[in-house]
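Chain naming here is simple, since letters A, B, ... match the order of the sequence lines and numbering starts at 1 in each. Atom set for the values below is all heavy atoms of this structure, side chains included, hydrogens, waters and symmetry mates excluded.
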There are 2 protein chains.
Amino acid sequence: MTDSTSTSTSIPTSTVGARLAPLAPDMFDAVCPSSVMPFRVGDKWTGMVVRCLEGGPRRFTELRVPLRAVTPKVLSETLRAMERDGLLTRTAYDENPPRVEYALTPLGRTLIPLLDAARAWSATHLPQLLAARRAHERDAS
Amino acid sequence: MTDSTSTSTSIPTSTVGARLAPLAPDMFDAVCPSSVMPFRVGDKWTGMVVRCLEGGPRRFTELRVPLRAVTPKVLSETLRAMERDGLLTRTAYDENPPRVEYALTPLGRTLIPLLDAARAWSATHLPQLLAARRAHERDAS
DNA sequence: ATGGCCGGTTACCGCAACGGAACCGGCGCT
DNA sequence: AGCGCCGGTTCCGTTGCGGTAACCGGCCAT
């Protein structure tokens, strides 16, 4: 997490993310409360994938832009697990170059209010939790 | 999880749990939707500890009754992490036999609505998720 | 002196999640 | 012939959460 540019393959930022509303450049930024929040939906990246898809379908490489901290392997694992659970659909178009689109299902969309609640909790109470943690570390030192 | 009686030390069920409203005998029962739900608050057991404490303070051994699937080591780790984060307080009384009480802080209580939301999601949508998973397994076989 | 109760601790270990780096196939472009 | 794009896969290594089993110290009752 110290060097978010060290992903294995470089991510082309051109031609990507122009079809829909822009996404945050790095959802896993340490500044973003959602990345530190003590809640998880499914696996580590599931919640953030839902966030990336709530505005509409996106392609694999498009997901890698806001989620640049996730390697293609882990992203592919996450997406397949979510497809298996009926949270999203994978649609491959037989074109060239190949195009694959991931879209939330209605079931996947039911997670959004939960993520909203978690985000609201973090905005309100996470500073307090982190302060308590720092205070405890101070006592231990 | 196949044999919940195989914990290291036996849990005395007498003299325990009589001070407050009774708790579910086994919160981690596979029948309980909360145990399968794809949400987590903090570590694996944090959410269930909050559930056990929302009715009032409880002692270490009292927590082990509804959470019989958790070993004392992991429970102690969970409780210390929650104390560090300001979610609960630990109060040791200098008596004999020793008595230690864990109680939620106001911050810890703010998690309850989130757990309620997660529980409601599970009750409504978890069957659909599990059905999708089973259907996918059927296709793979 | 043996055992029980309470609230843990210690040592050890297995597994799944996570991560890094490299590679792949099909096609089109130059 | 070589390169790039897209959407991944494969191999390997690490990390850390969680679990198992055993033990501890103080006190009291039998």
Notebook entry, point to check: Of the non-hydrogen atoms in B:G86 and B:T105, which two are nearest, and what is the gap between them?
Noted result: O-OG1, 2.6 Å
Item checked: Side chain of B:V74 (C-beta onward), nearest among C:dG7, D:dG18, C:dG19 -> D:dG18
Note to self: Between the side chains of A:D116 and A:R51, is the shortest nitrogen-to-carboxylate-oxygen separation below 4.0 Å, so that they form an ion pair?
What the structure shows: yes
Item checked: A:L75 CG - C:dG20 C1' separation (whole Å) -> 15 Å
Next item on the list: Using side chain to side chain contact (heavy atoms under 4.5 Å, CB included) as the criterion, point out the one residue from B:V49, B:T46, B:V50 that pairs with B:L88.
Entry: B:V49
Margin query: Working to the nearest 0.5 angstrom, can you tell me the gap between B:S76 OG and B:L63 CG?
Written below: 11.5 Å
Margin query: Just the rounded figure in Å: distance from C1' of D:dG16 to CG of B:D43.
Written below: 10 Å
Next item on the list: Identify, residue by residue, the members of residues 79-94 of chain B with a heavy atom below 4.0 Å from DNA chain D, and return them in order of residue number, or none.
Entry: none
Margin query: It should be established whether B:S76 places a side-chain nitrogen or oxygen under 4.0 Å from OP1 or OP2 of nucleotide C:dT9.
Written below: yes
Checklist line | Side chain of A:V100 - closest among D:dG7, C:dC6, D:dT9 | finding: D:dG7
Check: Atom CE of B:M48 to atom C1' of D:dG18: distance rounded to whole Å?
Finding: 13 Å
Margin query: Could you tell me how far apart A:R99 (CZ) and C:dG26 (C1') are, to the nearest whole angstrom?
Written below: 17 Å
Check: Do A:W45 and A:L79 come within less than 4.5 Å of each other through their side chains, counting heavy atoms only?
Finding: no
Next item on the list: Could you state the atom-to-atom distance from CD of A:E77 to P of C:dA16 in whole Å?
Entry: 13 Å
Next item on the list: Might you point out which heavy atoms bring A:A118 and B:L114 nearest each other, and give the distance in Å?
Entry: CA-CD2, 4.2 Å
Notebook entry, point to check: Can you check whether B:K73 has a side-chain N or O nearer than 4.0 Å to OP1 or OP2 of C:dG7?
Noted result: no
Checklist line | For A:P98 against A:R59, the heavy-atom pair lying closest together | finding: O-NH2, 3.4 Å
Check: Does B:R58 use its side chain to pair, donor to acceptor, with the backbone of B:C52 at less than 3.5 Å?
Finding: yes
Check: What distance do B:D85 atom CG and A:Q128 atom CD have between them, rounded to the nearest 0.5 Å?
Finding: 11.0 Å
Check: Just to confirm, is there a sub-4.0 Å distance from OP1 or OP2 of C:dA17 to any side-chain nitrogen or oxygen of A:R40?
Finding: no
Notebook entry, point to check: Whole Å only: how far is the CZ atom of B:R64 from the P atom of C:dC6?
Noted result: 11 Å
Next item on the list: Establish, with yes or no, whether the OP1 or OP2 oxygen of D:dC5 is under 4.0 angstrom from a side-chain nitrogen or oxygen of A:T61.
Entry: no
Next item on the list: Could you check how far CZ of B:F60 sits from P of C:dC5, rounded to whole Å?
Entry: 16 Å
Enumerate all atom pairs, one protein N or O and one N or O from nucleotides 25-30 of chain D, separated by less than 3.5 Å.
unit_1, atom_1, unit_2, atom_2, d
D:dC27, O4', B:N96, ND2, 3.0

Notebook entry, point to check: Nearest-Å distance, CD (A:E62) to P (D:dC6)?
Noted result: 10 Å
